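See below for the structure under consideration.
Order of listing sets the numbers, starting from 1, for every ligand and every atom in it. Quantities reported herein were computed from a predicted structural model and do not represent experimental measurements.
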Amino acid sequence: MKRLCLLIFILFSVRALPAQQPVALVIHGGAGNMSREHMTPAQEEIYQTALEEALLTGYKVLKSGGTSLDAVEATIMVLENNPLFNAGKGAVLTNEGRAELDASIMDGKTGKAGAMAGVSAIKNPIQGARAVMEKSNHVLMAGKGAEKFARKEGLSMVHPSYFFTEGAYQNLERARKNNSYGVNSGRSDRSWETAFDKFGTVGCVALDQYGNLAAGTSTGGMNNKLYGRIGDSPIIGAGTYADNATCAVSCTGHGEFFIREVVAYDISALMKYRQLSVNDATREVVMNKLAEKGGSGGVIALDAKGNVAMTFNTTGMFRGYVKDDGKPVTGIFKDN
Ligand code: ASP
């Protein structure tokens, strides 16, 4: 009798456990007009390895029972800490030679969001964004106030010089000389350094085993930007959006266009109101609407069934995804 009761108890407990859904995670490391002839196989390899490291970090979080928010935060931190990308260390510089960083995060389950803009002393701005979402009544905090809040929350703070790299400085010097600004600067030289100086914003979207979506984006913005300029990355609905009912989106590209076209929310709205698939919705916005306005860049998006979209109207986007099988897939150019 005792044994029977135990068996019935076990059967009921197992049935009561929520079914574990397959996980998925997608990242980007910036979009732009990059081509294979300006990148050696060794350089390509360096980027692929960095993308894989980030993907596997997020995958481990998801497989060990972490939430999509945990995975997005951990993945973006890896990319922020890598000077190859335009986020955290190695970010592009303002016209005055400072790193002013923007980041945002959104929870597709609750619709809550947090963001930081124009910060120069928080080691990982994505952590700052999450703290705003979870520890304040606000969505977006900027500059000195945001830094004060991050310090109070015990986040890792750094001297602004931590973000500075020689590469970012060289890029700024070139842009100052050419009087050019970020994407679409009209520059004709396309050497390795200059061709890549304006890409590298990072983003991540994830689906956890509980069926919840999350999205996050982190950037230094645009090379040689004016002091105080804020792009789309910390703007919920423009650079980042997540809704379990539709998708999670993170954008990269010429931020002013992404803000005006409300790109991330528009993708979600096309899915919600016109029942478009995640792939069709991203194509409609990035390849038609945005491109018609002259806006260059790309997006990553993921729906609650794990369908992945990585769409860009430039010649390349650093990108990758990993699904439940744990095999990372990465790409840089259009044909891979
Ligand atoms: N969207 C970013 C911004 O405008 C830049 C980028 O994605 O490369 O700040």
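- Against a heavy-atom cut-off of under 4.0 Å, Asp232 is close to the following atoms of ligand 1: 1 (N), 2 (C), 3 (C), 4 (O).
- Contact between Arg229 and ligand 1 is present, with at least one heavy atom of the residue lying under 4.0 Å from the ligand.
- Atom numbering of ligand 1 starts at 1 in the shown order; those under 4.0 Å from a heavy atom of Met222 are 4 (O).
- When side chains are defined from C-beta on, Thr217 does not count as touching Cys251, because their heavy atoms never get closer than 4.5 Å.
- Side-chain contact of His159 with Ser161: a donor-acceptor pair under 3.5 Å is present, judged by distance alone.
- Taking the six-membered ring for Trp and thresholds of 30 and 60 degrees, Tyr47 and Phe318 have nearly parallel ring planes, at less than 30 degrees apart.
- Considering each of Asp102, Thr217, Val92, Thr201, the one bringing a non-hydrogen atom nearest atom 6 (C) of ligand 1 is Thr201.
- Ligand 1 has an N or O atom lying under 3.5 Å from an N or O atom of Thr252, backbone or side chain.
- In this structure, a donor-acceptor pair under 3.5 Å is absent between the side chains of Asn171 and Asn223.
- At a 4.0 Å cut-off, at least one heavy atom of Ser233 sits close enough to ligand 1 to count as contact.
- Checking Gln43 against Thr40 by side-chain atom types alone, a donor-acceptor pair falls below 3.5 Å.
- The residue among Gly255, Gly231, Gly253 with a heavy atom at the shortest distance from atom 2 (C) of ligand 1 is Gly253.
- Side-chain N/O atoms of Ser120 and Glu100 include no donor and acceptor closer than 3.5 Å.
- On a distance-only criterion, Glu256 and ligand 1 share no N/O pair closer than 3.5 Å.
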